[in-house]
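In what follows, chains carry the letters A, B, and so on, assigned in the order in which the sequence lines appear, proteins first and then strands, with residues in each chain numbered from 1.
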Amino acid sequence: MIPSSLWIKHLPKDWLAKHCTSIPKCKQAHAVLLRAAIFHDNHFASKLISFLAVSPSGDLNYARKIFSHLDSPDVFIWNTMIRGHAKGPNPSDALSFFYLMVHSGVAAEHHTYPFVLTACARLQAPELGMRFHGETVKAGLESDVFVLNSLIQMYANCQCFEAAHKLFDGNPSRDIVSWNVMIRGYVHGGLCQQAFDWFEEMKAKNVGPDAVTVISLVSACSRLGDLERGRSLHSYSSELGFLTNNLKLSNAILDMYCKCGDLVSAWNFFNEMDERDSVTWTTMISGLANSGSFQEALELFGLMQREKVRPDEVVLVIVLLVCARLGALDQGKYIHLLINRYKVKRDIVLETCLVDMYAKCGALDFALQIILFSAFGRVIVVSLAGCSLPFDSLEDFNVVYVP
DNA sequence: CTAGGGTTAG
């Protein structure tokens, strides 16, 4: 048998980095590390962990599992775990990892703070963010542009605009991202006019703006239903060439036309797009559905199928709602079949929509079947329309009205 | 290795 230390030398140096591109491949890499008895080597484990924790097609739980077997993770690995959790569904886990790291004797550094501050921003926890702010000052990191921008973002997203301004005003380290996070914070808090004012000031000062700036402003127009301003941001974007190779901006503009009720412009824009992803399709389909064009929404979903775009849970929710609205049982059953065929993640929203669709289509036996086999125990069926509900708060429940 | 963006029910 080849000694493991020799065997691993035959792997190209970047084998792991290139290899960790999907969950099954990570499992292989994991096995290789175990066999080669280098699983506890931070250098190798960190490649695995960074894919699993940070990549959108990763798996945070798997990353945690691997992490828990490491003897003494270095600061890079800790940062990666904090980063993954800050962006994940439970940002407070990022803070738990931060405290675990500090308690294990590994000191936070300039890479660490942007991640914990992101977690604070998402948790709307400015008091906690202020504590980290203090730590960055003590560590002399406040002028690091990454730390600075994540501090501004944290305050702006928590609607602490005075604190955000204090950091922003006249700060020599600030850049285009500092402007963008301020604007984003205003839009997030519904203060859209302030966001537009900042945009004007930016242009006056010859800073940026870039595609990210425009996305925030376009989404402000969607919220306000401000078609005129949305349209002018659209032409502004094409003039400056922001629309080429920027699906996120294109999707935001498409959504803006839909939310502003201009389905004709939306449809034209959709047809002119040279690249579309599942969000593009979802946005257009939901635009049709929300404007009452239920049949057209289903037809476009059919086209999406023929174009072989994998439906995600969001678009399935929308078409299920359409089926419920139309009482289209056969189409609804077909959507149910697609959910199984594509192994779409069945979250509580999707599950509830399935129950809702079957119930509204009069197929109560199917609706009950879903409830019986549901992984979510809190799906409630209220079997008579108009009856009052015996709960003070519906937050913990998903209620389905059966007509 | 790091910061900022779009779609989601009842």
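Among the heavy atoms of the strands, none lies under 4.0 Å from A:Asp347. Among the protein residues, A:Val212 comes within range of the nucleic acid bases, having at least one heavy atom under 4.0 Å from a base atom. Contact annotation for A:Tyr113: no contact, since no heavy-atom pair falls under 4.0 Å across all strands. As judged by a 4.0 angstrom heavy-atom cut-off over every strand, A:Asp175 is placed among the base-contacting residues. Residue-level contact check: A:Asp144 touches neither bases nor backbone, having no heavy atom under 4.0 Å from any strand.
In the model, A:Ser96 has no side-chain atom that pairs as donor or acceptor with a side-chain atom of A:Asp93 under 3.5 Å. Residues A:Arg64 and A:His85 have side chains that bring a donor and an acceptor to within less than 3.5 angstrom of each other. Side-chain contact annotation: A:Asp197 with A:Gln193, donor-acceptor N/O pair under 3.5 Å present.
Side-chain atoms of A:Val349 lie closest to B:dA9 of the nucleotides B:dG6, B:dA9, B:dC1. Checked against B:dT8, B:dA3, B:dG6, the side chain of A:Lys259 finds its nearest nucleotide in B:dT8. For A:Cys353, the listed nucleotide lying nearest its side chain is B:dA9; candidates were B:dC1, B:dA3, B:dA9. Closest to the side chain of A:Asp255, out of B:dA9, B:dA3, B:dT7, is B:dT7. Taking only side-chain atoms of A:Ser219, from C-beta outward, the nucleotide of B:dG6, B:dA9, B:dT2 with the closest atom is B:dG6. For A:Val181, the listed nucleotide lying nearest its side chain is B:dG4; candidates were B:dG4, B:dG6, B:dA9. Distance from the side chain of A:Ala211 is smallest for B:dG5 among the nucleotides B:dG5, B:dA3, B:dT7.
When all heavy atoms of A:Glu275 and A:Leu247 are compared, the pair lying nearest together is O-CD2, 3.5 Å.
A cation-pi geometry, defined here as NZ or CZ lying under 6.0 Å from the six-membered ring centre and within 45° of its normal, does not hold between A:Arg310 and A:Tyr342.
Between the P atom of B:dA9 and the NZ atom of A:Lys360 lies a distance of 13 Å, rounded to the nearest Å. Between the CZ atom of A:Arg346 and the P atom of B:dA9 there is a distance of 19 Å, rounded to whole Å. Rounded to an integer number of Å, the gap from A:Tyr186 OH to B:dG4 P is 19 Å. Between the P atom of B:dA3 and the CG atom of A:Asn157 lies a distance of 14 Å, rounded to the nearest Å. A straight line from NZ of A:Lys87 to P of B:dG4 spans 5 Å, rounded to a whole angstrom. For the pair A:Leu254 CG and B:dT7 C1', the interatomic distance rounds to 10 Å; values are reported in whole Å. What separates CG of A:Leu52 from P of B:dC1 is a distance of 19 Å, to the nearest Å. Rounded to a whole Å, the CG atom of A:Asn251 is 9 Å from the P atom of B:dT7.
A 6.0 Å sphere centred on CZ of A:Arg223 holds more than 12 heavy atoms belonging to other residues, nucleotides or ligands. In this structure, A:Met273 places its CE atom where more than 12 heavy-atom neighbours from other residues, nucleotides or ligands lie under 6.0 Å away.
Residue pairs meeting the side chain to side chain donor-acceptor pair (under 3.5 Å) criterion with at least one member in residues 199-214 of chain A, sequence neighbours excluded, are A:Asn180-A:Asp210, A:Asn180-A:Thr213, A:Glu201-A:Lys205, A:Asp210-A:Thr213.
The base of B:dG5 is paired with the side chain of A:Asn246 by a donor and an acceptor separated by under 3.5 Å. In this model, no side-chain donor or acceptor of A:Asp356 finds a partner on the base of B:dG10 within 3.5 Å.
Distances shown here put a side-chain N or O of A:Arg184 below 4.0 Å from the OP1 or OP2 atom of B:dG6. Residue A:Gln153 places at least one side-chain N or O under 4.0 Å from the OP1 or OP2 atom of B:dG4.
Contacts between residues 285-324 of chain A and DNA chain B, defined by a heavy-atom separation below 4.0 Å, involve A:Val314, A:Val317, A:Leu321, listed by number. Contacts between residues 89-110 of chain A and DNA chain B, defined by a heavy-atom separation under 4.0 Å, are made by A:His110.
Between A:Asn251 and A:Asp277, the closest side-chain pair of non-hydrogen atoms falls below 4.5 Å. The shortest side-chain heavy-atom distance between A:Thr112 and A:Met101 falls under the 4.5 Å cut-off.
Using modelled atom types, no side-chain atom of A:Arg174 and backbone atom of A:Trp179 make a donor-acceptor pair closer than 3.5 Å.
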